[in-house]
Number of protein chains: 2
Amino acid sequence: MQMTPMIESFVFHFGEMGSRWGFNRTVGQIYALLVISESALSANDIGDALGVSRGNVSMGLKELHSWQLVQTTHKAGDRKDYYRAKGTIWDMANRVFEERRKREMDPTLSMLRDILLDEAANPQEAYAQERIHEIHDLLENITHWTQSLQTLSPDKLNTLMKLGSGVGKVLDLKDKLTQRKAE
Amino acid sequence: MQMTPMIESFVFHFGEMGSRWGFNRTVGQIYALLVISESALSANDIGDALGVSRGNVSMGLKELHSWQLVQTTHKAGDRKDYYRAKGTIWDMANRVFEERRKREMDPTLSMLRDILLDEAANPQEAYAQERIHEIHDLLENITHWTQSLQTLSPDKLNTLMKLGSGVGKVLDLKDKLTQRKAE
DNA sequence: CACAACTTTCAGTAATTTCTGAAAGTATAG
DNA sequence: CTATACTTTCAGAAATTACTGAAAGTTGTG
């Protein structure tokens, strides 16, 4: 894998962004490299291309595995493991959303739920609980919603996204229809 | 602001999560504290409650300001600045989404666009550009979509979220209607 | 103007995260 | 079983990020 300037800028940028998306620089770079590489790469290929240690590559791949973003393959007569990005770009986006939900939302939701089970001991806590309730409900809504969006086919999701804020009109439409039925 | 155990666990957890949501521990804690506090707090109140230095509080508030998540107020006959969380929970969620889009998506999109302007120098780069194109289009779709969702009223958004995957059926419905019209 | 009451900045330090490379582990071939 | 060709682990080092507190800055008051 030779890093042309084009490929370098893609890979490095993904590295920078990696940390914002929930993994570290090297993990981001490894993934970027695998995504834009047509052939599967060995751990050494990756380390050489990125200029990082073999150990670091191993840890990075382990992390990507836990995100279910890589696939291990083999070549005949070669003991080495070869790695490639798993699934389509849609799958990738889904994975990232899902993992982040697990890591960001779920623990928060359960903490909030715990707090709401307690009795407020004074007006200050009562006020706090009200706010916490709001946050809880909002997060729960978002969680459920994103989960159900993930069950939609990429095709439907695309339609929905293309619709943009036009979805508001569709909702009005639906309201009218269901109302008419109710009459 | 006395930190009861309930309030402590909320504030500390928000601190932990803060880093995942794009800001550091102290910033997360300060914001949590302001959200569940009915009255506005001075910078010293905050520092005392959280056990962090005055300087750190100042930096944290500056950061929250840049996210437009806090509001500064004053009390008669008191020179101190007092701080409170700005807007509703919905506003907060919007702010966070928007800020993150600005910080995570926009720079990536512009980098991808730049790469796509170049000619591929070889088949390897051609393959890379195909992948990059896919990623670009996906991110652009998501960006536009989330932007347009933000223009929807909280009320409509709520309806949409409640609908969950049922939105698929509504889309079918819309398809049928628009088709009928076309006939 | 000088002083008081505050806030902000920032150099140095502390805490945290990431990375390296050597050692340990694993699997296959002979 | 031993040698070889690999992968993983992990203690310590390096890099990065966050925090402190003293000094500088700001604003209002007498």
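Naming convention: chains lettered A, B, ... in sequence-line order (proteins, then strands); numbering from 1 in each chain.
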Pick the closest DNA chain C nucleotide for R79(B) and for Y83(B) by heavy atoms, then say which residue is nearer the 5' end. R79(B)

Please confirm whether the shortest side-chain N or O distance from K62(A) to OP1 or OP2 of dT9(D) is below 4.0 Å. yes

Between N44(A) and dA5(D), is there a contact of a side-chain N or O with OP1 or OP2 at under 4.0 Å? no

Quick one: which of dC19(D), dT7(C), dT9(C) gets closest to the side chain of R54(B)? dT7(C)

Please give, in whole Å, the distance from dA14(C) C1' to N24(B) CG? 14 Å

With a cut-off of less than 4.0 Å, is there a side-chain N or O of S58(A) near OP1 or OP2 of dT9(D)? no

Any donor-acceptor N/O pair, E125(B) side chain to A121(B) backbone, under 3.5 Å: yes

How many whole angstroms separate atom NE2 of H74(B) from atom C1' of dC6(C)? 10 Å

Whole angstrom is fine here: how far is it from CE in M59(A) over to P in dT9(D)? 10 Å

So, does T26(B) get its side chain near the phosphate of dC19(D), meaning an N or O under 4.0 Å from OP1 or OP2? yes

Please say whether the positively charged group of R101(A), taken as NZ for Lys or CZ for Arg, lies over the ring of F97(A), i.e. under 6.0 angstrom from the six-membered ring centre and within 45 degrees of the axis. no

So N56(A), base contact, sugar-phosphate only, or nothing? Heavy-atom distance under 4.0 Å. base

For G55(A) and for S19(A), find the nucleotide of DNA chain C with the closest heavy atom, then tell me which residue's nucleotide is more 5'. S19(A)

